[in-house]
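Data first, discussion second: the structure below is written as structure tokens.
Quick caveat: nothing in here was measured; it's all calculated off a predicted structure. Naming convention: chains lettered A, B, ... in sequence-line order (proteins, then strands); numbering from 1 in each chain. Scope of the values below: all heavy atoms of this structure, side chains included, with no hydrogens, waters or symmetry mates.
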Amino acid sequence: MTYALELKDLRKSFGKTEIIRGANLAVAQGERVAVIGPNGAGKSTLFNLISGRFEPTSGEVLLNGQRIDGKRPFEINRMGLSRSFQITNIFPKLSVFENLRCGVLWSLGYKYTFLKFLADLDDANERAEQLMERIHLHRKRDVLAVNLTYAEQRALEIGITIAGGANVILLDEPTAGMSKSETRRFIELIKEVTVGKTLLTVEHDMGVVFGLADKIAVVVYGEVIAFDTPEKVRANRKVQEAYLGSHVADAQVGAH
Amino acid sequence: MLKVENLHAFYGKSHVLHGVNFEVGEGEIVALLGRNGSGRSTTAKAIMGMVECTGAVDWKGQPTLGRKPYEIAHLGIGYVPENRDIFPKLTVHQNLMLGQKRANQTGRWSFDDMYEMFPRLKERQHTEAGVLSGGEQQMLTLCRTLMGDPDLIIIDEPTEGLAPKIVELVGQYLQKLKQRGVSVLLIEQKLTIAMAISDRALVMGHGSIVFQGTPDSLRADAYIRKEWLEV
Amino acid sequence: QKGETVKIAFMDPLSGPFANVGQNQLRSWQMVAEKLNAKNPAGVKFEVVGFDNKGTPQESLNTLKAAIDQGFRYVTQGNGSGAAWAILDAVNKYNDRNPGKEIVYLNYAAVDPALTNAPEKDGAPGCSFWHFRLDADTSMKMEALTSFMKDQPNIKKVYLINQNYAHGQQVAKYFKDAMKRKRPDVQIVGEDLHPLGQVKDFAPYVAKIKQAGADTIVTGNWGQDMTLLVKAMIDAGMKTPLYAYYAGVSGTPTALAAGKDLEVYGVAYNHSNFGGEIRQIGDEYKKRFNDDFYTFATYNGINMLAAGMAKAKSTDPVKVARAMEDLEFKSFAGDVKMRGSDHQLQQTMFITKWQKMDAKNNYNVENTGYTFVPIKQLEPYVSSTPTSCQMKRPAAAG
Amino acid sequence: MTHYEFKPYNVGRWVVWSLFALILLVAPLVFKSGLSQTMLSQMGIAIIVCLSYNMLLGQGGMLSFGHAVYSGMGSFLAIHTLNLLSKGTLPIPVSLIPIVGGVSASLIAVVFGYVSTKKAGTTFAMITLGIGELIWASSLMFPEFFGGEGGVSGNRVAGPKPLSITFGPQIQLYYLIAVYTFVCTALMFAFTRTPLGRMLNAVRDNPERVEFVGYDTQKVRYLAFIISAFFAGIAGGLGALNFEIVTSEVVSGPRSGAYLLFTFLGGATFFFGPIIGGILMVLAFVLLSELTKAWLLYLGLVFLFMVMYAPGGFASLIMMNLRVAAFGRLRELYVGYLGLAVTAFLVLLGAAGMIEMVYHLKLNAALGPELTFLGVKLNAYSANSWFGCAFIMLTGLGLFELARRHFAHQWGEIQEFIEKEVKRREALA
Amino acid sequence: MEFFTVSMLNGISYGLLLFMLSSGLTLIFSMMGVLNFAHASFYMLGAYFAFTTAQLVGYWPALLVAPLLVGVIGAVFEKYALRRVHKFGHVPELLITFGLSFIILEMVQLVWGTSSVDYRVPEALVGPLFTVGGTNFPKYRGFMMLVAMVMLLSIWLLLTRTRIGLVIQAALTHPETVEALGHNVPRVFMLVFGGGCALAGLAGVIGGNFFVTEPGMATLVGSVIFVVVVVGGMGSLVGAFIASLLIGIIQTFAVGVDASLMGAAQTVGLDITPESFGYPLWRLKISQIAPILPYMFLVLMLIFRPKGLLGTREG
Ligand SMILES: Nc1ncnc2c1ncn2[C@@H]1O[C@H](COP(=O)(O)OP(=O)(O)OP(=O)(O)O)[C@@H](O)[C@H]1O
Ligand SMILES: Nc1ncnc2c1ncn2[C@@H]1O[C@H](COP(=O)(O)OP(=O)(O)OP(=O)(O)O)[C@@H](O)[C@H]1O
Ligand SMILES: CC(C)C[C@H](N)C(=O)O
Ligand SMILES: [Mg+2]
Ligand SMILES: [Mg+2]
């Protein structure tokens with residue numbers, strides 16, 4: 001079977017330090033995967049390799065069975081993969097609506113055209129409007145993105161990511177900096193928009209992880225040391241040692 | 001040590017803090033809790049002289065309001081901002097160097113202490129800080145401020161984006177700070193850790209303090225928790 | 001026409017980097033006009049008003065429009081052939097399109113020979129009935145210079161160094177043409193064209209000249225390009241004689257003075273050690289403005305206009321222009337003639353040599369204690385060059 | 001830069017565009033002299049050029065130091081075409097010459113733009129600087145194409161003459177330019193409303209993210225660069241027709257610099273800013289320099305103060321007031337403005353009087369100590385004039401400060417009101 | 001051989017002069033990210049100040065006084081003008097220096113007039129240092145080389161041995177945070193800008209009499225110093241040093257090369273005649289384009305290695 005996303009012995013070095021040391025992972029269509037691991041383990045780097053921000057030193061990345069390693073980010077995006085960033089990365093001088101519309105345009109085939117008015121692109125506008133409502137930013141429709149609060153910017157970040165309707169979505173700490181209630185709402189939203197799609201998300205919040213994921217991948221020191229259902233991962237000794245710490249496995253989860 | 005009285009703060013024309021009053025004593029860990037947007041970060045910035053404000057802030061009996069941030073820093077208040085303001089083009093080590101107020105300043109903390117606290121940083125000490133992982137950056141900001149040898153450290157959401165294990169670690173280190181006589185004003189979102197390590201808790205809502213007390217009393221006060229902390 | 005006031009619009013840079021030259025020349029015009037108003041044959045009063053064209057062609061067109069709006073019928077310009085071409089062309093078109101309101105253009109210093117010749121290619125403008133040149137053009141100066149050089153037996157190996165634009169290219173070309181005719185044995189051992197105003201350090205060029213074994217240097221450089229060349233030569237201790245067009249232009253004499261025994265020759269339609277009226281004007285000018293009076297063409301310009309108006313008995317530009325064709329009048333250095341076929345003034349040329357002031361030659365150039373001493377005077381016919389101009393004259397003027 | 005897109009019709013927009021057309025139409029009937037007609041023509045051209053420049057600067061965040069290369073090459077190719085046309089070898093009407101300029105400029109941009117737009121930011125700026133210097137330097141070296149010092153001249157009265165329009169008289173040419181100005185402005189405005197136009201904004205703001213929504217930033221910049229060069233070339237072609245001579249100064253560095261400065265002065269963050277910039281450019285170069293020898297000093301000072309106090313250019317000042325007007329509070333401000341204007345005028349008057357005297361002393365002292373400034377006789381040697389000017393300036397300054405404080409207070413109060421109002425409306429929405 | 005030696009010397013000394021001119025610009029650019037278009041104007045100010053102070057107190061004191069004066073002017077400008085626009089971004093910063101360059105130019109013309117002033121090399125430095133087969137190598141060139149080396153050394157020490165460099169680099173992106181750590185950021189910025197201007201002033205003191213001190217002198221060096229900074233790698237001091245030398249040497253030797261594309265074509269059998277397409281281009285000799293080679297260098301460098309020689313970052 002072809003996996004939605006497959007990593008084969010992926011490696012990445014910066015200078016002399018090897019950060020990703022032979023990562024292997026195969027995510028099936030429609031699976032929701034949480035990627036966890038200690039700080040600096042290479043989760044974001046893994047996302048960067050997949051999405052084309054960095055070029056792997058060696059190894060393969062396959063999207064729906066096709067090689068994408070070495071391709072530029074926009075090429076990968078056009079093939080149906082979209083990602084968000086851990087450190088907010090939006091268009092600060094554009095309004096919320098414009099931000100979202102930018103995320104929509106290519107996927108609807110508008111490309112580089114300068115022979116059509118944006119105002120006439122009903123499908124794109126409608127999609128942007130809908131999205132805006134879903135991420136609860138419709139009241140800030142014409143506010144410039146810089147003027148949003150941090151949490152609102154995070155929401156917009158995710159909005160842009162899912163705007164294009166990509167099939168494979170990577171979210172890097174989507175709920176960081178959000179309050180509990182917002183986190184809860186966003187998890188719902190993410191679940192909603194990723195129905196039938198493949199999702200990878202990095203999270204440190206175990207509540208989110210266990211609430212969202214079908215499977216969990218644990219990255220430690222540039223390797224995927226475990227990839228399994230939440231229950232099994234939580235029970236995994238190695239994972240507890242490397243990541244969860246003494247009492248977190250139960251205590252923190254319970255707190256939510 | 002730190003006494004904040006009737007503090008009002010403004011961003012341009014918008015009035016964000018409406019008369020904040022509290023104190024932080026010597027060697028005390030005080031948690032400042034509250035929802036998103038309640039004004040906790042603004043309080044921190046106001047103390048550091050980074051926003052326009054009125055009222056009074058006394059530090060060791062000296063008024064600090066109206067002073068420049070660097071002057072306040074020299075008086076012994078350290079600040080760890082919430083958005084991981086590391087200096088991306090400088091190496092980890094250089095970032096730490098900038099934490100020192102003067103070259104080769106010696107204080108309670110040395111580079112080695114920092115590297116011991118977070119071995120990850122030691123490994124990355126000659127890397128540009130901009131490429132650090134989110135969590136590593138968080139550690140770095142904390143250490144950088146410590147290098148300035150403050151008597152009071154204001155930490156804005158230090159555990160954001162840290163792996164659970166490291167969160168525990170940070171908690172332990174804050175305790176250690178306290179042992180070395182440093183007061184801490186901890187701005188937190190995560191109740192669990194804040195309650196576990198703090199001596200006193202403040203709850204902020206709509207730009208003023210709505211609760212002051214021990215963690216235990218806060219735990220007991222379901223109304224405050226419900227109204228001002230959870231949804 | 002007696003008692004009338006004739007207004008002349010002066011268009012040259014009055015602000016920016018060339019303002020010093022422009023200001024100086026505007027004052028020259030104004031002072032000469034003032035002096036000659038008292039006693040000119042036409043009995044008219046000349047008034048020269050400055051317009052700042054910033055040295056650019058496009059702005060010249062704007063100032064021209066402004067002048068026309070204000071009723072000026074005579075314009076004068078000289079600094080730079082680029083602006084000259086723009087004005088020439090615009091005057092042509094304006095006169096074509098506005099019969100009865102014609103304008104005449106006196107060019108006192110732009111020296112592109114093409115301005116008084118047939119167009120070199122289709123579409124390019126050429127000589128014009130409305131244009132009169134008071135300066136000698138590049139080819140004439142070169143004719144004079146080479147007439148002097150051909151008699152210098154020690155000139156054998158010449159190095160040409162020039163600015164890579166119309167003027168510099170022409171200097172090089174005319175020199176080669178003339179020398180081939182006059183002294184075929186003279187060898188050109190090297191030729192450089194460098195971008196205009198881009199060279200900061202001329203030392204490499206000096207080294208190259210030395211390497212080439214030249215015994216003579218010929219250059220049309222001016223401004224910084226000239227000053228820096230001289231400085232580099234002095235620094236390197238090079239003593240090769242220099243034949244230049246613009247050794248006397250602002251700043252260069254000061255640099256030359258540092259070279260002490262440098263051998264420098266210049267060519268021009270004037271020199272600084274005249275006696276008589278022009279000297280008085282020069283001295284008074286220096287007293288009043290603390291600046292050198294060097295644009296002698298202004299004297300000829302006013303004189304020519306006055307004589308033309310007297311002859312035409314009118315100040316109407318068309319009639320005056322007609323009258324000025326083949327007009328003979330008095331210049332500061334004797335009689336001169338405005339050649340009718342191309343409107344190029346035919347005048348005496350001088351070769352000058354840079355040396356210490358003495359009793360006879362006592363004009364102190366830039367207060368250096370040096371002066372340009374005339375060592376040879378060449379009658380107008382010597383430097384006269386043929387013209388290919390086929391003048392189109394307006395019917396009304398014919 | 002908020003975009004309200006009312007469909008199907010936006011009444012306000014119709015009004016604005018009709019007004020623009022009307023102004024273009026009647027301007028030469030109001031300002032009739034020969035000089036003002038050429039100035040109006042030049043303004044039209046400058047408007048196109050500045051707008052095209054702003055496609056790069058304001059919309060794409062590309063700081064170019066070599067925009068004159070494209071307008072200038074457009075000019076050169078246009079004038080060469082005009083000359084072919086005069087010879088009868090080309091059967092196109094004169095009115096289409098600017099298009100030739102535009103097309104050729106964009107072809108040049110296809111080549112140079114490819115290397116320039118590979119990178120953004122300072123790298124882009126420096127490549128354009130380098131290319132600009134190279135072209136400028138070669139413009140003098142190749143008289144065959146650039147016509148040497150004299151440039152290339154042509155005669156716009158050529159080719160077929162439909163309706164006996166010869167374009168000989170300036171007024172006819174003006175209307176040609178006006179038509180081009182209107183159409184080009186409309187087209188460039190339309191461009192900002194297209195997907196490519198919007199992605200250009202996105203590339204300016206955050207090129208990295210653009211790559212993750214499917215666009216190749218380099219290609220976005222490249223296309224925009226070519227389109228911008230097209231309009232610059234049209235302006236160049238119009239310039240060739242207007243002046244009928246093209247010299248190397250049209251590709252010069254100072255020319256590129258002027259585009260940058262005046263686009264910014266007009267306001268790069270708003271679409272219409274460069275229109276103001278273009279008008280100011282012509283006014284400054286043609287009128288201001290005739291008025292005073294110190295014009296470069298004034299220009300420098302204006303820049304300094306504008307950048308410091310109104311970094312959004314004139315357009316931002318206008319927009320700020322429009323916003324106040326939209327909330328119905330502009331009226332209260334007029335006393336404040338009047339006060340500011342009068343006192344600022346006094347300051348300027350005094351300062352300018354002194355500056356003029358200094359210049360006079362330096363440049364024209366020999367012509368006597370007297371000078372006329374704005375119709376007033378000043379004597380640069382007399383203490384009276386100096387004292388008078390200084391007095392006017394200082395009094396003005398004092399009063400200005402008072403007026404400013406008052407105004408600042410009032411302005412702040414209104415802004416606060418507006419903030420609140422906006423919040424309130426947001427809450428209602 | 002003599003030609004080679006002389007050219008080499010010329011190239012190196014010219015390169016060092018370029019370095020002198022651009023070091024202040026590099027300093028300001030690397031530390032503050034400001035492309036100071038008025039840099040050449042400060043260079044000019046240095047020359048004029050030196051001209052006047054040298055008349056009053058002699059050349060050697062002027063060597064110190066003039067750069068100091070320029071530095072003070074730069075610092076004042078930073079404090080009252082540049083600082084205010086810092087928050088608006090780089091383009092306004094650049095434009096305000098643009099405006100300043102107009103003002104300085106006009107001021108210079110007002111005070112010293114529009115013609116060149118007679119600013120001379122001091123007697124002690126007139127004359128040849130040594131002679132290479134009949135060509136003098138002037139003392140003053142030697143002196144220039146010396147000063148350039150001293151400049152390089154002292155800036156390098158400043159950047160690597162003090163923390164000031166770090167503070168500024170950090171303050172570029174996060175001024176508030178740096179202040180909160182206890183550093184007086186505004187003062188540091190002012191010092192750096194003033195220092196950079198003073199370096200320009202020093203270059204003016206030394207270049208003014210070597211070249212010509214006149215109002216056009218700023219424009220003459222205006223854009224080439226940007227080439228040095230960019231080719232060297234934006235903000236890399238050593239890069240700027242190497243780039244200066246490279247440009248100096250290449251340009252100097254290029255003057256001696258009279259080969260053209262036409263020659264090259266002819267050696268491979270292509271016949272180029274005046275009728276050939278693009279003849280003027282074929283005919284162009286390398287020596288003719290020597291002075292504009294730096295710009296070609298710039299464009300090529302940016303296309304193939306946008307970081308510059310030793311740069312670490314782009315843009
Ligand atoms: N461009 C780079 N150059 C050098 N090192 C890098 C680069 N990018 C990332 N690294 C290093 O790679 C390691 C992994 O970083 P990454 O951002 O992937 O961690 P992470 O798993 O996402 O951690 P966190 O949970 O803290 O965000 C870090 O130590 C980081 O310093
Ligand atoms: N730079 C700013 N300009 C205008 N308003 C601001 C600015 N920064 C914060 N605010 C507003 O001030 C209020 C308090 O913000 P503050 O950052 O202090 O909250 P916080 O309690 O720290 O919340 P968070 O959990 O988001 O960090 C919020 O309503 C926010 O929108
Ligand atoms: C300023 C002058 C020396 C310029 C000269 N007349 C020329 O045509 O180039
Ligand atoms: Mg990460
Ligand atoms: Mg906060």
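The two residues E:Gln288 and C:Asn164 make their nearest non-hydrogen contact at OE1-ND2, 4.0 Å. The two residues E:Asn136 and C:Gly237 make their nearest non-hydrogen contact at ND2-CA, 3.2 Å. In plain terms, the two heavy atoms of C:Tyr205 and E:Pro291 that are nearest each other are OH-CG, 3.4 Å. Nearest heavy-atom pair across C:Glu191 and E:Lys285 is O-NZ, 3.6 Å.
The parts of C:Lys200 that come within reach of chain E are both its backbone and its side chain, each placing non-hydrogen atoms under 4.5 angstrom from that chain. Only the side chain of E:Val6 comes within contact range of chain C, judged by heavy atoms closer than 4.5 Å. Only the side chain of E:Val224 comes within contact range of chain C, judged by heavy atoms closer than 4.5 Å. With a 4.5 angstrom heavy-atom cutoff, C:Lys208 touches chain E via backbone and side-chain atoms both. With a 4.5 angstrom heavy-atom cutoff, C:Asp235 touches chain E via backbone and side-chain atoms both. Neither the backbone nor the side chain of E:Phe253 has a heavy atom closer than 4.5 Å to any heavy atom of chain C.
You'll find the side chain of C:Asp201 reaches within 4.5 Å of the side chain of E:Arg141, heavy atoms only. C:Leu193 is not listed as a side-chain neighbour of E:Leu284, based on a closest heavy-atom distance of 4.5 Å or more. Considering only heavy atoms from C-beta on, C:Asp192 comes within 4.5 Å of E:Ser287 through its side chain. When side chains are defined from C-beta on, C:Gln198 counts as touching E:Tyr295, because their heavy atoms get closer than 4.5 Å.
Here E:Met217 contributes atom CE and C:Gln224 contributes atom CD; the two are 8.5 Å apart, rounded to the nearest 0.5 Å.
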